[in-house]
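Worksheet for the structure shown next.
Counting starts at 1 for both ligands and their atoms, in listed order.
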Amino acid sequence: MNDDPHNDIDQICARFWQTPRVDQVPHSPPLYLSTVFACDSTEQARQMLAGRQPGYVYQRDGHPNGDMLAERCRLLHAAEWALVTSSGMGALAAVVLAECQAGDHLLVGQDLYGRSLDLLSGEAARLGIECELVDTSNVAAVAQKMRPETRLVVAETISNPLLKVADIPELAQLCHRHGARLLVDNTFASPWCCRPLKLGADLVIESMTKIMNGHADGLLGLVCGRSGDAAQVKRMTSIWGLTASAFDCWLVARGLSTLHLRSERAVANAQQVARFLAQHPKVEGALYPHLATHPDHAVAARMLGDHCGTVVTFTLKAAAGEDPLAAAERFIQAAAPTIPFCPTLGDLSTSLTHPASTSHRNLTPDELARLGISPATIRLSVGIESAGHLEKVLAEALQAA
Ligand SMILES: *Cc1c(COP(=O)(O)O)cnc(C)c1O
């Protein structure tokens, strides 16, 4: 046995698990992929697992990359507390699981993100939580539906794809008069355009997969709050397995470092693109909250000022008797590959999507028409290219449509 030239390999390999301590501060944040951390003593393990002492034991309960990112988000949102989750949907799930009980009633914006509606009106119902849809851009309509057991009102700062703007201060006041709490999905705004907690909201969620990361390579969610039970949200995240991946936290922390620069450029571009589209003869109507023609322009001006997000929605003018979908198809083909058809938002480069065949594909033609979405409606997520380049590409694609 002793003659075996490989007989010490297993002992060498065993030492590989002894991680060296680094006592200097690295200039860029390290990535901690370790799923588990060594405890110094039984007493330390007990204290950390009980949450009485800071530190890490097992990755699902918390990890350094998650905490570092959450702290940055807490500062951006001027929040009391912030937690990251595996995705935007994970954030919504964690809030519902932490805040709601069977018998509770929820008032939910009828044009919320499709998967959020699936969760709130489908999945939550299975847990005995009643969900009622309402137009959250109409505060009087929300007031009429308030009940003593209404626990949460759920609204999006800027909705998809009509870019309706929720009046967060008014909704928050209404909620607080009735003992309910306001949960805002701020994905389409990001804290650069809106900080809902400062306007009175109680809880904010975001899909950091979108604008917060900005590089379309990480899936992540955020929950933050002004008050409320952070420990319970954290508990739900661990118990239901909604923990954020350390690698995605590292990527999003990196993307977040340029949020202000990306947003400044993309929002200015979106303004210019919206004005360009609004006056173009091949466009029937352009929607952007900064345009005076947008139905929610007054609320947007008050709440968002010049920071109205990076999404612009418009409908192509189809020739008389022509199938509007054909015009959309021609536009999409002509815009690619410079502006790809990618159903997301918030990336560095401009992309487009077609609501009638993606986010709103399950609606009937009548329901689509009632909302004002046509088969010729295109949603643009404006990126950080030069505005002149963008206008040129859009002008050419409109010519072809
Ligand atoms: C994408 C999105 C979500 C879901 O986020 P994921 O990170 O994809 O889970 C929720 N709300 C809005 C408004 C979104 O755009």
Report task. Evaluate the ring planes of Phe247 and Trp250, with Trp represented by its six-membered ring, and classify them as parallel (under 30°), tilted (30 to 60°) or perpendicular (over 60°). Result -> parallel
Report task. For the residue pair His176 and Asp202, confirm or rule out a side-chain donor-acceptor distance under 3.5 Å. Result -> yes
Query raised in the report: In terms of atom number and element, which parts of ligand 1 are under 4.0 angstrom from non-hydrogen atoms of Thr187?
Result: 11 (N), 12 (C), 13 (C), 14 (C), 15 (O)
Query raised in the report: Do Lys210 and Tyr113 meet the cation-pi criteria used here (NZ or CZ under 6.0 Å from the six-membered ring centre, within 45° of the axis)?
Result: yes
Shortest protein heavy-atom distance from [atom], along with the residue and atom involved:
| atom | result |
| --- | --- |
| atom 15 (O) of ligand 1 | Lys210 NZ, 2.8 Å |
| atom 4 (C) of ligand 1 | Tyr113 CE2, 3.5 Å |
| atom 13 (C) of ligand 1 | Asp185 OD2, 3.5 Å |

For ligand 1 and [X], I'd like to know whether there is a polar contact (N/O to N/O, distance under 3.5 Å).
| X | result |
| --- | --- |
| Leu219 | no |
| Gly88 | yes |
| Ser207 | yes |

Query raised in the report: Can you name the nearest heavy-atom pair linking Leu316 to Leu398, along with the distance?
Result: CD2-CD2, 3.5 Å
Query raised in the report: Do you know the tightest heavy-atom contact between Pro30 and Asn65?
Result: O-ND2, 3.0 Å
Query - Per-residue contact class, Glu156 against ligand 1 - non-hydrogen pairs under 4.0 Å - result: side chain
Requested in this report: Show your working on ring pair (Phe, Tyr, Trp, His ring centres under 6.0 Å) between His307 and Trp192 and close with a plain yes or no.
Outcome: CA-CA 8 Å; His307 294 187; Trp192 198 79; 3.8 Å; yes
